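What follows is one structure encoded as structure tokens, with my remarks underneath.
Since this is a predicted model, take the numbers as computed values, not measurements.
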Amino acid sequence: MKYNYFNAILISCCLILFCSHSVFAITLQQAKQQGLVGEAKNGFIAAVKPSNNTAVTHLINTVNKHRKETFQTISQSHDLPLNIIKQRAYHKAIEKTQVGNFYQNNQGSWQKK
């Protein structure tokens, strides 16, 4: 009886952890505040320093995939070249970047705002 109860609890905990993996994921704002990612000059986000952190890599890929889709949609709906959309997004991102967070300057060097 005890064994079945223990197994049920163990399985429940594993399911909760498996189904809520995003609880352990880092948010974009947290990554920016920690200096892990910044606004890149191409309109996307990028790692400020090379890292093997899978959560940060996943965050970068997810955010950039969404941005790419958004840029393409705006480009098509406004009949503007994609590079213009990315450039505008970059300038807007710098405006919105909080003090202490990183962004790339036009030469590609990381700077703190």
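Counting heavy atoms from C-beta outward, His66 and Thr62 have side chains that stay 4.5 Å or more apart. Contact of the Lys32 side chain with the Leu28 side chain is registered, since non-hydrogen atoms from C-beta on lie closer than 4.5 Å.
Across all their heavy atoms, Val48 and Val37 have their closest contact at CG2-C, 3.5 Å. Contact record, Pro81 with Ser75: C-OG, 3.9 Å, taken as the closest heavy-atom pair. Between Ser51 and Asn53 the shortest heavy-atom distance is OG-N, 3.0 Å.
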Practice prompt. Give the C-alpha distance, both sets of side-chain angles, the deciding distance and a yes or no for side-chain contact (heavy atoms from CB on, under 4.5 Å) between Thr27 and Leu59.
Written response: CA-CA 7 Å; Thr27 67; Leu59 173 70; 6.0 Å; no

Assess the residue pair His58 and Ile26 against the criterion (side-chain contact (heavy atoms from CB on, under 4.5 Å)); give the C-alpha distance rounded to whole Å, side-chain angles, the decisive distance to 0.1 Å, and a yes or no. CA-CA 9 Å; His58 178 70; Ile26 190 167; over 6 Å; no

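Applying the side chain to side chain donor-acceptor pair (under 3.5 Å) test to every pair with at least one member in residues 90-107, sequence neighbours left out, gives these pairs: Gln29-Gln98, Asn105-Gln111.
Grouping the Ile, Leu, Val, Met, Phe, Trp and Tyr side chains by contacts below 4.5 angstrom, directly or via other members, places Ile45 with Leu36. No single ILVMFWY cluster, assembled from side-chain heavy atoms under 4.5 Å apart, contains both Ile94 and Phe102.
Atoms CD1 and CZ, on Ile84 and Arg88 in that order, are 6.5 Å from each other to the nearest 0.5 Å. Interatomic distance, CD1 of Ile74 versus CD of Glu69, reported as 12.0 Å (0.5 Å rounding). Taken from NZ in Lys41 to OG in Ser109, the straight-line distance is 8.5 Å, to the nearest 0.5 Å.
Taking a cutoff of 4.0 Å between a charged side-chain nitrogen and a carboxylate oxygen, Glu39 and Arg67 qualify as a salt bridge.
In this structure, Lys86 has no salt bridge (charged side-chain N to carboxylate O under 4.0 Å, His left out) partners at least two apart in sequence or on a different chain. Under the ring pair (Phe, Tyr, Trp, His ring centres under 6.0 Å) criterion, Phe71 pairs with Phe44, sequence neighbours left out.
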